There are 2 protein chains.
Amino acid sequence: MTSRFEPMSLTRPGVSDKGNQQILEAAAEAFNRRGFAATSIDDIADALGATKGRIYHYYRSKLDIFLDVLVASMRDLLEKLQPILTDSERSPEQRLYDAAYMHATTMMTRRSFSRVAIQGLEAPVLAEAQTKRADAVNLFIGLRDRYEDGFADLVEQGRASGVFRDVDPRLATKPIFGALNWINMWYDPAQESQAGVAAIAEEFAVFIVNGLRRREPVPGP
Amino acid sequence: MTSRFEPMSLTRPGVSDKGNQQILEAAAEAFNRRGFAATSIDDIADALGATKGRIYHYYRSKLDIFLDVLVASMRDLLEKLQPILTDSERSPEQRLYDAAYMHATTMMTRRSFSRVAIQGLEAPVLAEAQTKRADAVNLFIGLRDRYEDGFADLVEQGRASGVFRDVDPRLATKPIFGALNWINMWYDPAQESQAGVAAIAEEFAVFIVNGLRRREPVPGP
DNA sequence: GTCTATAATTTGATAGAC
DNA sequence: GTCTATCAAATTATAGAC
């Protein structure tokens, strides 16, 4: 078996990377719009100005395309998180702020991919995919768990240093991702009346760090 | 046209309320499991130990059933919120705590219905339903807006009294509902390792009120 | 590498027996 | 009021021409 985080191809063997990427983008957009079940292969082909023959040249099934979007999206988030986690110049609460800010921004600027990734977090979808493509689903879950662990570690460090309340880091992670992932549900770049990306990301990051913070200052030694 | 919040029947005329309720419960459970698009009428019928003939005796279409679940769920939340909003013995921040606690609890104890309601908040689903059943969709949106307004008012009151940070109440409402609605994504009553309903609801309500709170105490007069 | 059939299935909805 | 039978449409996936 391949290592859990090695690149793993969900495309048919030997296809070009460029055509592949085009299909992936179009699929992300289509899945984003209507969800996995309601999106047909024709929808994706239409978005490309092509017919399904093209799609099936690259992918064996609709599920494979979906999982490929999922994995790409999770990988992108994880790559952005890594340098934040290891920035030794920033305190745990500052790093949590940075991580939340990054995640919020990604939800707004890479809407299609991140929304599809969130669909993939839903238990029923994953459970069904498990039976058909356990390898890819396990890869995705592995990436997701590493990502969540990163946030939980920051919470734990902030707790240990006395800045955060005495919370269970795993449980504390839930409202954080809830608040952040939910952005996908309401943020609409076309709607002028909404605040800008930076203002929203800032408010969310403040809200999250503040929510975890102890109210009283820690007594000095 | 009927008043926006009057009871509005999505069933076929003249059917019994009891059979209707049974179908509604089964439908909520099925939609919860697999989502609107992936759920077939046969799935719902199976859950009842019946066949589709029975379903179509009560409802004209799958969309009508879905919208009926949506409205029922939103009504339930709104009815629970009302007494909290008007409890003059509690401060705005205490009432926001109560409201968040109630919402969190509802997400965990009425899983099927509330999850379906959340699916209904997704723009693509609503947009498509709009074209086919504008009356029911508008009813649902009206209920949802009233519910959100209740939360926004509490935030505004807390801000006015100096307890909460200087936030835009509308924007502040987003991470609140995000954190709370997301519970549906991960909470699993069958999983023993998770904290109990009360412990989770409490942590979420604390997190939310804390996230909005000013860090420094307000200077006295 | 992309297209045009076309096969095989699933599914929403109806009609009519009981 | 519920069931069986069935139609009509949509959709996944394949085969084979170009």
Side-chain angles (χ1 to χ4, degrees), chain A residues 9-27 29-31 33-69 116 119 124-125 128-129 131-133 136, chain B residues 9-31 33-70 116 119 124-125 128-129 131-133 136:
Chain A
S9 183
L10 285 157
T11 59
R12 298 188 116 111
V15 299
S16 92
D17 235 43
K18 197 177 130 204
N20 180 6
Q21 201 58 37
Q22 269 181 30
I23 290 175
L24 217 54
E25 293 279 348
E29 175 60 23
F31 286 136
R33 278 193 137 81
R34 335 214 324 139
F36 174 72
T39 299
S40 72
I41 304 279
D42 281 328
D43 289 338
I44 301 172
D46 285 353
L48 285 165
T51 64
K52 31 175 170 228
R54 176 137 148 225
I55 312 283
Y56 280 108
H57 178 68
Y58 288 84
Y59 287 94
R60 235 177 284 275
S61 73
K62 184 169 101 164
L63 182 63
D64 280 8
I65 308 174
F66 184 71
L67 291 172
D68 218 8
V69 175
V116 174
Q119 283 176 47
V125 184
E128 217 191 308
T131 68
K132 292 178 183 165
R133 261 222 164 264
Chain B
S9 184
L10 284 158
T11 58
R12 298 187 116 114
V15 298
S16 92
D17 235 43
K18 196 176 131 205
N20 181 6
Q21 201 57 38
Q22 268 181 30
I23 290 175
L24 216 55
E25 293 279 348
E29 175 61 24
F31 287 136
R33 280 193 135 82
R34 336 215 324 140
F36 174 71
T39 298
S40 72
I41 303 278
D42 281 328
D43 289 338
I44 300 172
D46 285 353
L48 286 166
T51 65
K52 8 170 189 242
R54 176 137 146 224
I55 312 282
Y56 279 107
H57 177 68
Y58 288 85
Y59 286 95
R60 234 177 283 276
S61 73
K62 184 168 99 163
L63 182 63
D64 281 7
I65 308 173
F66 184 71
L67 291 173
D68 217 8
V69 175
L70 241 56
V116 174
Q119 283 176 48
V125 184
E128 219 191 306
T131 67
K132 294 178 184 166
R133 262 218 163 267

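Letters A, B, ... mirror the listed sequences (proteins, then strands); counts begin at 1. Treat the numbers as computed from the prediction; the structure is a model and nothing was measured.
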To the nearest Å, give me how far apart [atom1] ([X]) and [atom2] ([N]) are.
X	N	atom1	atom2	answer
I44(A)	dT12(D)	CD1	C1'	12 Å
D64(A)	dA13(D)	CG	C1'	12 Å
R54(B)	dT2(D)	CZ	C1'	8 Å
D46(A)	dT2(C)	CG	P	16 Å
D43(A)	dA10(D)	CG	P	12 Å
I65(B)	dA13(C)	CD1	C1'	11 Å
L48(B)	dG1(D)	CG	C1'	14 Å
Y56(B)	dC7(D)	OH	P	17 Å

Completion exercise
Of K52(B) and G14(B), the one whose nearest nucleotide on DNA chain D sits closer to the 5' end is G14(B)
State which of [options] makes the closest approach to the side chain of [X].
X	options	result
A50(B)	dT14(C), dC3(D), dT12(D)	dC3(D)
S16(A)	dG12(C), dT2(D), dG1(C)	dG1(C)
I41(A)	dT12(D), dT2(C), dG12(C)	dT12(D)

Handout entry: Below 4.0 Å: OP1/OP2 of dT2(D) and any side-chain N or O of Y58(B)
Key = yes
Problem - N or O in side chain of H57(B) less than 4.0 angstrom from dG1(D) OP1/OP2 - result: yes
Nearest atoms (heavy-atom pairs only) where [X] meets [Y]:
X	Y	answer
D43(B)	A38(B)	OD2-O, 3.8 Å
I55(B)	I23(B)	CA-CD1, 4.1 Å
A37(A)	K62(A)	O-NZ, 3.5 Å

Mind listing the side-chain donor-acceptor pairs of residues 13-20 of chain B below 3.5 Å, one per line with the distance, residues two or more places apart or on another chain?
from, atom 1, to, atom 2, distance (Å)
S16(B), OG, G19(B), N, 3.2
N20(B), OD1, Y59(B), OH, 2.7

Exercise for the section: Name the nucleic acid region contacted by T51(A), choosing base, sugar-phosphate or nothing; use a 4.0 angstrom heavy-atom cut-off, strictly under. Expected result: base
Problem - F66(A) and F31(A) aromatic ring geometry - parallel, tilted or perpendicular at 30°/60° bounds - result: perpendicular
